[in-house]
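Just so we're clear, the structure is a prediction, and the values are computed from it rather than from any experiment.
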Amino acid sequence: MAGRWLDLRWAPGFLCMPLIMEMASGARDPSTKAHEHIQFWAPGVNQTAMADCRAVCTLNTSDCCDFIRMNPDCRSEGGYLDYLEGIFCHFSPPLLPLAITLYVFWLLYLFLILGVTAAKFPHGVTFLAFGNGAPDIFSALVAFSDPRTAGLAIGALFGAGVLVTTVVAGGITILHPFMAASRPFLRDITFYMVAVFLTFTALYLGRITLAWALGYLGLYVFYVVTVILCTWVYQRQRSTSLIHSMPETPEMLSDSEEDQVSSNTNSYDYGDEYRPLLLGQETTAQILIQALNPLDYRKWRTQSMSCKLLKVVKLPVEFLLLLTVPVVDPDKDDRNWKRPLNCLQLVVSPLVLVLTLQSGAYGVYEICGLLPVWAVVVIVGTALASVTFFATSNREPPRLHWLFAFLGFLTSALWINAAATEVVNILRSLGVVFRLSNTVLGLTLLAWGNSIGDAFSDFTLARQGYPRMAFSACFGGIIFNILVGVGLGCLLQIARNHAAEVKLEPDGLLVWVLASALGLSLVFSLVSVPLQCFRLSKAYGLCLLLFYATFLVVVLLTEFGVIHLKRV
């Protein structure tokens, strides 16, 4: 599907108006990168120099399509669709608002795919330790794979950190003021400040070496070990204490008990939805139909109209995931064994793996010039599914049923990776069209999209009377995102390119504003929370929301050149 756009040589002339106004007003330095690079490219001339893709708006409308197709900086490293070519070569100027609208809706649907995959099919989250972090991690891995989009990863990780520690944490305290757990709070915020300082230093140095990337992952392992030891010490102190406290309320739960409640809640959320309506002996066809049905009619009748509309939008995604992602649930007696569906998944899931790995590049490769890889996978999968179908029964899962968990993990992980690749590509395309930096796109659209699931789940926990649990999740999740996202992303990039380091090119003043804002928000919480004796009030939450609003204003003023450094 990639690059399958009609060759119509039109270009969005009206989208170049920001550049014209910018040059006329002198708000930005006229010697920007886009303006400098324009001299290196001319239509119909083979050039070895690579121009900045954002220079497309400085060309005549008749040359934009050729520029997009011939300039290496405008090519996407992965993904199925070439969004830049679609805008500049497929849509005529009167249809450009429609094109941008379609892109935005497709971006929102990609975020929905990421959220549904992480929430309803948690194999990826089991192996990645946190469910809500899967979209952030895969988005960072995809962004770090291309130096041109590394700013997206930095912007998204830092932007999500500012968002979660201000808007989400502030919203929790506004919904339900509470007494914060002192030791877990100080532990988590200290580790996160160290992670932010490491990233700030890496940006200042302009590179991340192999040792630096391994240090990120090592720091996260140390954090996990610290959490386990603290929990063990706390439980040991409680078991040996002679003084019995009052009966525990929801706010006095220990960390381990909170985790157990969270685990039970998450299991209930997705496990009850696909339970058969009728019990008893069922035919193979009935089992398959019910297993592939993502709609619970009992819940459907009681839902509001808005929830029904959202469910209709999610139905294609949920059906596709039910068809391709095996789910092994140890809490059920049959471990979610669906004989006809699981056998069908032995064919479909490996096919999805080869068609999503490297955007299908391996799937279409022909073995000895005879058969493509995807055809061989279908043949082998069909044979394995046939043997499994005739060697098992509908009532009892086989002994090797646990192997489906690994297949489900790989499939859900590659679904998330494929969606994250498209998200990064479409955000970069929108940045080219509107002349926005990757950093500002990362800290706004990408951070908002990846963090919306965290926000809703944390707000729900706060309303249910568990604000401490939700507040702890704010810091625990973003520690995982920044340490594993940067560490693993750079480590894979070093291994892929056989390089000694990953180069980082900050987008000027903006990335330092972003890093400073995140540091200030953490310092504010580190100072103000102990001063309140760890009693978090609505006033504290309102201050956090005000901080984020001020941060967005400063970011936009910096992006459009109102705030800038004076040249000496």
Between [X] and [Y], what is the shortest heavy-atom contact and its length?
X    : Y    : value
A169 : F471 : CB-CE1, 3.7 Å
N497 : Q493 : ND2-NE2, 2.6 Å
I494 : A500 : CD1-O, 4.3 Å
C490 : V502 : O-CG2, 3.6 Å
Y216 : V486 : CZ-CG1, 3.8 Å
W106 : L81  : NE1-CD1, 4.3 Å

Under 3.5 Å, which donor-acceptor pairs do the side chains of residues 531-552 form with other protein atoms, sequence neighbours left out?
| residue | atom | partner | partner atom | Å |
| --- | --- | --- | --- | --- |
| Q532 | NE2 | S528 | O | 3.2 |
| Y540 | OH | S525 | OG | 2.9 |
| Y548 | OH | W448 | NE1 | 2.8 |
| T550 | OG1 | L546 | O | 2.9 |

Query raised in the report: Going through the checks in order, is the side-chain contact (heavy atoms from CB on, under 4.5 Å) test met by L483 and L217?
Result: CA-CA 6 Å; L483 290 178; L217 300 178; over 6 Å; no
Would you mind reporting whether [Y] and [X] have side-chain heavy atoms less than 4.5 Å apart?
X    : Y    : result
L84  : R428 : yes
T356 : Y80  : yes
V513 : V554 : yes
Y83  : E422 : yes
L518 : L514 : no
V433 : Y103 : no
Y192 : L522 : yes
H90  : L95  : no

Rounded to the nearest 0.5 Å, what's the gap from [atom1] on [X] to [atom2] on [Y]? Could you check?
X    : Y    : atom1 : atom2 : answer
H176 : R468 : NE2   : CZ    : 12.0 Å
L107 : I426 : CG    : CD1   : 5.0 Å
L357 : L414 : CG    : CG    : 6.0 Å
I100 : L430 : CD1   : CG    : 6.0 Å
F185 : T190 : CZ    : OG1   : 8.5 Å
L510 : L557 : CG    : CG    : 11.0 Å

Requested in this report: With side-chain contact (heavy atoms from CB on, under 4.5 Å) as the test, would you mind laying out the steps for F158 and I482 before giving the verdict?
Outcome: CA-CA 8 Å; F158 274 11; I482 192 170; 3.6 Å; yes
**Report entry** Full working for ring pair (Phe, Tyr, Trp, His ring centres under 6.0 Å) between F191 and F222
**Finding:** CA-CA 10 Å; F191 270 96; F222 180 61; 5.7 Å; yes
Query raised in the report: Hey, is the main chain of G170 close enough, under 3.5 Å, to the side chain of T173 for a donor-acceptor pair?
Result: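 The answer is yes, because a donor-acceptor pair under 3.5 Å joins these two groups.
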Report summary line: For R463, the salt bridge (Lys or Arg N to Asp or Glu O under 4.0 Å) test, sequence neighbours excluded, returns none
Report task. Quick one: list whatever passes side chain to side chain contact (heavy atoms under 4.5 Å, CB included) with L556, sequence neighbours left out. Result -> F560
Query - Working for side-chain contact (heavy atoms from CB on, under 4.5 Å), residues C230 and R183 - result: CA-CA 9 Å; C230 290; R183 288 179 296 180; over 6 Å; no
Report task. Determine, stepwise, if the pair L210 / E501 fulfils side-chain contact (heavy atoms from CB on, under 4.5 Å). Result -> CA-CA 6 Å; L210 176 61; E501 58 188 23; over 6 Å; no
Requested in this report: Can you spot which of L163, L526, T165 makes a side-chain contact (heavy atoms from CB on, under 4.5 Å) with S521?
Outcome: T165
